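The model shown is predicted, which means the values in this text are computed figures rather than measured ones. Scope of the values below: all heavy atoms of this structure, side chains included, with no hydrogens, waters or symmetry mates.
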Amino acid sequence: MLQTLSAMLKLLSSRRLNLKEELKLIDGQPKKLTKSAAGSLITQYGVGPYVAATLLVTAGDNPERLKKESSFAALFGVNPLEPLSGKKQRHRLNRGGSREANNALWTVALIRMRSDARTIQYTEKRTHEGLKTKEIQRCLKRYIARELFPVICKDLTESRQVFT
């Protein structure tokens with residue numbers, strides 16, 4: 001009984017090591033593809049290979065819609081919408097657009113809110129103005145979309161030239 005248990009544990013551990021190596025190999029492929037297709041996007045602060053891949057897939061699925069920065073923001077679900085009723089002058093979050101791309105921009109916003117000096121200063125300023133964290137994040141996602149729009153357009157045109 002003890003020998004059987006020992007043999008099974010050895011088999012499981014070797015299988016785990018093999019699967020771990022396979023996962024490393026598979027995990028590296030999307031990173032390589034993203035780096036080749038989005039070289040300048042990955043250099044932006046807070047944008048890693050997975051965020052860049054998400055943004056490129058969303059933008060690449062709808063390249064004809066990327067004529068202006070505002071259409072880009074709507075595609076990514078970060079354009080501000082005014083509430084339809086009420087006296088309070090504010091904006092609300094857009095629930096349209098790609099939720100995956102919106103989440104990717106939210107990830108970039110969180111990274112920048114924690115470690116980018118410029119964004120930390122902006123966050124503190126807006127907090128003193130009375131905005132809540134969600135409202136600040138909404139504003140940041142819009143600013144990040146404005147910043148990344150020309151970069152993504154450049155990467156899309158460069159990758160189309162390479163792949164055609």
Side-chain angles (χ1 to χ4, degrees), residues 16-83 90-127 131-164:
R16 180 187 175 277
L17 291 174
N18 289 337
L19 288 174
K20 190 175 179 181
E21 291 301 316
E22 271 185 55
L23 187 60
K24 278 184 188 177
L25 192 108
I26 292 170
D27 196 36
Q29 294 301 318
K31 288 180 184 178
K32 287 178 189 174
L33 286 171
T34 304
K35 284 182 182 179
S36 68
S40 54
L41 182 60
I42 291 179
T43 62
Q44 301 299 309
Y45 195 88
V47 179
Y50 294 110
V51 168
T54 303
L55 297 176
L56 277 181
V57 165
T58 302
D61 282 348
N62 303 293
E64 65 278 352
R65 294 177 62 185
L66 296 179
K67 293 178 182 160
K68 298 186 298 184
E69 182 268 329
S70 59
S71 60
F72 175 80
L75 178 65
F76 283 60
V78 293
N79 56 329
L81 300 173
E82 292 185 25
R90 63 179 178 83
H91 291 95
R92 66 179 177 88
L93 292 173
N94 180 6
R95 300 290 179 205
S98 168
R99 301 318 306 153
E100 292 85 13
N102 191 296
N103 185 275
L105 290 176
W106 176 76
T107 303
V108 174
L110 280 183
I111 291 169
R112 290 184 180 188
M113 286 174 76
R114 290 183 185 144
S115 56
D116 183 33
R118 187 177 57 149
T119 308
I120 292 170
Q121 184 181 17
Y122 173 80
T123 303
E124 289 171 357
K125 175 186 152 200
R126 298 296 282 196
T127 303
L131 288 180
K132 296 178 182 173
T133 305
K134 282 193 173 194
E135 292 170 327
I136 295 170
Q137 288 173 347
R138 181 194 52 78
C139 294
L140 278 173
K141 287 192 295 186
R142 178 60 187 231
Y143 287 132
I144 292 166
R146 281 188 187 130
E147 183 181 311
L148 296 182
F149 172 66
V151 177
I152 289 175
C153 287
K154 178 183 167 216
D155 281 344
L156 281 175
T157 56
E158 287 176 1
S159 65
R160 282 193 195 145
Q161 291 171 355
V162 170
F163 293 118
T164 56

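- How far CD1 of Ile120 is from CZ of Arg112: 12.0 Å, rounded to the nearest 0.5 Å.
- Lys68 pairs by the side chain to side chain contact (heavy atoms under 4.5 Å, CB included) definition with Ser70, Ser71, not counting sequence neighbours.
- Here Lys154 pairs with Ser40, Glu158 under the side chain to side chain contact (heavy atoms under 4.5 Å, CB included) rule; sequence neighbours left out.
- In this structure, the side chains of Arg126 and Glu135 stay at 4.5 Å or more apart for every pair of heavy atoms.
- For Ala104 against Leu55, the heavy-atom pair with the smallest separation is CB-CD2, 4.0 Å.
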Please tabulate, for side-chain N and O atoms in residues 17-25, each donor-acceptor pair with protein atoms closer than 3.5 Å (sequence neighbours left out).
unit_1, atom_1, unit_2, atom_2, d
Asn18, ND2, Ser14, O, 3.4

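- By the neighbour-count criterion of 12 heavy atoms within 6.0 Å, atom CZ of Arg146 is densely surrounded, having more than that number from other residues, nucleotides or ligands.
- Partners of Asp116 according to the side-chain hydrogen bond (donor to acceptor under 3.5 Å, both in side chains) rule, which considers only residues two or more places apart in sequence or in another chain, are Thr119.
- Applying the side-chain hydrogen bond (donor to acceptor under 3.5 Å, both in side chains) rule to Glu69 yields the partners Arg142; only residues at least two apart in sequence or on another chain are considered.
- Contacts of Glu124 classified as salt bridge (Lys or Arg N to Asp or Glu O under 4.0 Å), with partners at least two apart in sequence or in another chain: none.
- Taking CZ of Arg138 as the reference point, atom CG of Asn79 lies at 10.0 Å (rounded to 0.5 Å).
- The shortest non-hydrogen separation linking Leu140 to Ala109 is CB-CB, 4.2 Å.
- Atom CD in Gln137 sits 9.5 Å away from atom CD1 in Ile144 (nearest 0.5 Å).
- Shown are Thr58, Asn102, Thr54; of these, the side chain to side chain contact (heavy atoms under 4.5 Å, CB included) with Phe76 is made only by Thr58.
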Take Met113 and Thr133 through the test side chain to side chain contact (heavy atoms under 4.5 Å, CB included) and record every step on the way to the result.
CA-CA 10 Å; Met113 286 174 76; Thr133 305; 4.2 Å; yes
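- Under the side chain to side chain contact (heavy atoms under 4.5 Å, CB included) criterion, Ala145 pairs with Phe72, Val78, Leu105, sequence neighbours left out.
- Taking Ser115 as the reference, Tyr45 meet the side-chain hydrogen bond (donor to acceptor under 3.5 Å, both in side chains) condition, with sequence neighbours excluded.
- Nearest heavy atom pair, residue Asp155 against residue Ala38, reads OD2-CA, 3.3 Å.
- Contact between Ile42 and Pro49 at its shortest, heavy atoms only, is CD1-CA, 4.3 Å.
- Residues meeting the side-chain hydrogen bond (donor to acceptor under 3.5 Å, both in side chains) test with Tyr143, sequence neighbours left out: none.
- The heavy-atom pair separating Thr34 from Ala53 by the smallest distance is OG1-CB, 3.5 Å.
- Scored by the side chain to side chain contact (heavy atoms under 4.5 Å, CB included) test, Thr127 finds Thr123, Ile136 as partners (sequence neighbours excluded).
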